[in-house]
Amino acid sequence: MKLLVVNGSPRKQGNIFRMLSAIDEEAKARGIETAFVSISDLHVAPCNGCMSCRSSLRCVLPEDGAQRLLRLIGECDALAVGVPCYWGNIPGQLKTAFDRIVYGMMGESPNGIPKPLHKGKKAIIVSACTTPFPFNILFRQSEGAVRAMKEILKWSGFKIVSVVQQGGTKAHAVSVRKLAACRKAARKL
Ligand SMILES: Cc1cc2nc3c(=O)[nH]c(=O)nc-3n(C[C@H](O)[C@H](O)[C@H](O)COP(=O)(O)O)c2cc1C
């Protein structure tokens, strides 16, 4: 089995990184091969919305980090994505990357019904935000980022086996309890 770990935070040593590292370490300890990619290393140009990829299955823009991400997703059996909450959503950099590879994530029937292209693959989502618990959930802060990430992964066919959310990162870094939850999530792959 191969696990792709995607750090959706531009902070390479931040809370999301720590949560994903716990998953990565646990997966490796269980004999799972892992690859780690940070969104800030991908340098993806925004989608121009031409929709031609839906029929041609390729992007008209020059190849960049988006295609690298798609190749890595294509090669993996499972995905762990870390999404810091930005304005109750996923960071723009990460959304831009998934916009650019929509053609490799889901197909469409002639009348626009989505066809998932990664059926059978498992996924873990981790999120963090400064809003403390329970308001990170109630006010859809980390919860909002998770919802947005679920939207992408579910329509692409991924089965979300675990979600871990850390609130209150202004006051404290990711807790030992949440790191344990991340390791537990890796055991569900
Ligand atoms: C541009 C930006 C927008 C943010 N928006 C929110 C927000 O809407 N709600 C929130 O609780 N935290 C928000 N945050 C705080 C981050 O979610 C928080 O610092 C998180 O721990 C970042 O994870 P990281 O340490 O892995 O980068 C925002 C941070 C940035 C940089």
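Because only heavy atoms are used, hydrogens play no part in the values below, and waters and symmetry mates are left out as well, while side chains stay in. Each ligand, and each atom within it, is numbered from 1 in the order the structure gives.
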> Passes salt bridge (charged side-chain N to carboxylate O under 4.0 Å, His left out), D41 versus K12? Steps please.
Replying inline: CA-CA 10 Å; D41 291 333; K12 285 197 177 168; 2.7 Å; yes
> How far apart are the C-alpha atoms of V60 and N48, what are their side-chain angles, what is the distance that settles it, and do they pass the side-chain contact (heavy atoms from CB on, under 4.5 Å) test?
Replying inline: CA-CA 9 Å; V60 295; N48 66 9; 3.9 Å; yes
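Taking hydrophobic clusters as Ile, Leu, Val, Met, Phe, Trp and Tyr residues chained together by side-chain heavy-atom distances below 4.5 Å, I160 does not share a cluster with L20.
Looking at D64 and R100, a side-chain N of the basic residue comes within less than 4.0 Å of a carboxylate O on the acidic one, giving a salt bridge.
If you number the atoms of ligand 1 from 1 as listed, the ones under 4.0 Å from a heavy atom of S9 come out as 24 (P), 26 (O), 27 (O). Within ligand 1, the atoms closer than 4.0 Å to a non-hydrogen atom of Q141 are 7 (C), 8 (O), 9 (N), 10 (C), 11 (O), numbered from 1 in the order shown. Listed by number with element, the atoms of ligand 1 under 4.0 Å from a non-hydrogen atom of T169 are 18 (C), 19 (O), 20 (C), 21 (O).
Of all protein heavy atoms, the one lying nearest to atom 25 (O) of ligand 1 is R11 NH1, 2.5 Å. When only non-hydrogen protein atoms are considered, atom 5 (N) of ligand 1 lies nearest to W87 N, 2.9 Å. In this structure, the protein non-hydrogen atom closest to atom 3 (C) of ligand 1 is Y86 CA, 3.5 Å. Nearest protein heavy-atom contact of atom 12 (N) of ligand 1 is T130 OG1, 3.0 Å. If you check which protein heavy atom lies closest to atom 16 (C) of ligand 1, you get C85 O, 3.5 Å.
For atom 26 (O) of ligand 1, the choice among V174, I16, N7, T131 with the nearest heavy atom turns out to be I16.
In plain terms, the two heavy atoms of K121 and I73 that are nearest each other are NZ-O, 2.8 Å. Of all non-hydrogen atoms in C182 and V126, the two that sit nearest each other are SG-CG1, 4.1 Å. Nearest approach of Q166 to N136, heavy atoms of both residues: C-ND2, 4.2 Å.
At under 3.5 Å, not a single nitrogen or oxygen of P84, backbone or side chain, sits near a nitrogen or oxygen of ligand 1.
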